[in-house]
Amino acid sequence: MDIKKKIFTPLRLKRIGAFLIDAVIISILLSIVYRVTGFADFPGVLTMMIEIQKTMGEAASQDATVKVMALFNEAFLQSLLIWFCYDVLTTLLLRGSTIGKIIFRLKLTHIHNKKGKLAYVLLVIVRSFFKFLSMFLFQGLPFLISVISIFANPNSLAAHDRLARLVVVNKNDVKSLE
């Protein structure tokens, strides 16, 4: 029982909760963007996959599979770009928090509580860039690596947090650091 308390700290559980809330918000945003622009066409990917299943065994199915993969990669990249914009804009506009982090009273700040607005803005952009670049290159595996890295170190830092020298903390802890 003591090990569970060390692994599942309130901060780690809050980070996962904040991520899940942000993921729901992104899903809603993606639906709106798709309805307005037709981009991030995951319904088109699904339709093509169903079409492939119907024509299984035909020579045309290989060509259709290539088209589905291209359409999926395009939709995946578009969704990551939307998530990147959401992550950067909300973090900067909401002073270190996404909507999920606000709900769980979390904030992104410098590891050593350094000052400097421009440096912070650049580090937030770098953090989000590496988070989503790795998601694009490795198709979701980085999320698993980030979760493992959050649980593997005492400060609950994800790989992209370490890279950008930022840390997610409880908002009450930030006030006590200042």
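Just so you know, these numbers use all the heavy atoms, side chains as well, and skip hydrogens, waters and symmetry mates.
Under a cut-off of 6.0 angstrom, the local environment of CZ in Phe129 is sparse, with at most 12 non-hydrogen atoms contributed by other residues, nucleotides or ligands.
Atom OG1 in Thr91 sits 10.5 Å away from atom CD1 in Ile125 (nearest 0.5 Å). Atoms NZ and NZ, from Lys101 and Lys107 in turn, are 12.0 Å apart once rounded to the nearest 0.5 Å. Taken to the nearest 0.5 Å, the CZ atom of Phe130 stands 12.5 Å off from the NE2 atom of His160.
Scanning both residues, Ser149 and Ala158, for their nearest heavy atoms gives OG-CA, 3.3 Å. Annotation for Ile102 and Leu94: closest pair CD1-CD1, 3.5 Å, computed over non-hydrogen atoms. Shortest non-hydrogen contact noted between Val124 and Leu166 is N-CD1, 4.0 Å. For the pair Thr9 and Ser156, the tightest heavy-atom approach, listed with the atom from each and the gap, is OG1-OG, 4.3 Å. For Thr109 against Val169, the heavy-atom pair with the smallest separation is CG2-CG2, 3.9 Å. Shortest non-hydrogen contact noted between Tyr120 and Gly96 is OH-CA, 3.1 Å.
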Audit row: Arg127, Leu108, side chain to side chain contact (heavy atoms under 4.5 Å, CB included) steps and yes/no: CA-CA 11 Å; Arg127 176 185 183 266; Leu108 185 67; 3.6 Å; yes
Next on the checklist: Under the criterion side chain to side chain contact (heavy atoms under 4.5 Å, CB included), I'd like the reasoning laid out for Tyr86 against Ile99: C-alpha separation, chi angles, the key distance, then a yes or no.
Outcome noted: CA-CA 10 Å; Tyr86 167 84; Ile99 294 170; 3.5 Å; yes
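Between Leu71 and Phe42, every side-chain heavy-atom pair lies at or beyond the 4.5 Å cut-off. Using a 4.5 Å heavy-atom cutoff, the side chains of Leu77 and Asn73 are not in contact. Within the 4.5 Å cutoff, the side chain of Phe84 has no heavy atoms near those of the Leu80 side chain.
Remark: the Arg105 side chain and the Asn170 side chain contain no N/O donor-acceptor pair separated by less than 3.5 Å.
Between Arg15 and Asp161 there is a salt bridge, since a side-chain N of the basic residue sits under 4.0 Å from a carboxylate O of the acidic one.
Under the 4.5 Å side-chain heavy-atom criterion for ILVMFWY residues, a single connected hydrophobic cluster contains both Leu11 and Phe151. There is no path of hydrophobic side-chain contacts, each under 4.5 Å, that joins Tyr34 to Ile32. A chain of hydrophobic side-chain contacts below 4.5 Å, direct or via other Ile, Leu, Val, Met, Phe, Trp or Tyr residues, connects Ile26 to Leu133. The hydrophobic clustering, which links ILVMFWY residues whose side-chain heavy atoms are closer than 4.5 Å, places Met69 and Leu46 apart. No chain of hydrophobic side-chain contacts below 4.5 Å, direct or via other Ile, Leu, Val, Met, Phe, Trp or Tyr residues, connects Ile103 to Leu89.
Using modelled atom types, no side-chain atom of Asp87 and backbone atom of Ser128 make a donor-acceptor pair closer than 3.5 Å. Between the side chain of Asn153 and the backbone N or O of Asn155 there is at least one donor-acceptor pair closer than 3.5 Å. Remark: side-chain polar atoms of Ser97 are paired, donor with acceptor, to backbone N or O of Leu106 under 3.5 angstrom. Using a distance-only test at 3.5 Å, with no hydrogens or angles considered, a donor-acceptor pair links the side chain of Ser134 to the main chain of Lys131. Between the side chain of Arg12 and the backbone N or O of Ile150 there is at least one donor-acceptor pair closer than 3.5 Å.
Between Phe132 and Trp83, the two ring planes are tilted [angle within 30° to 60°].
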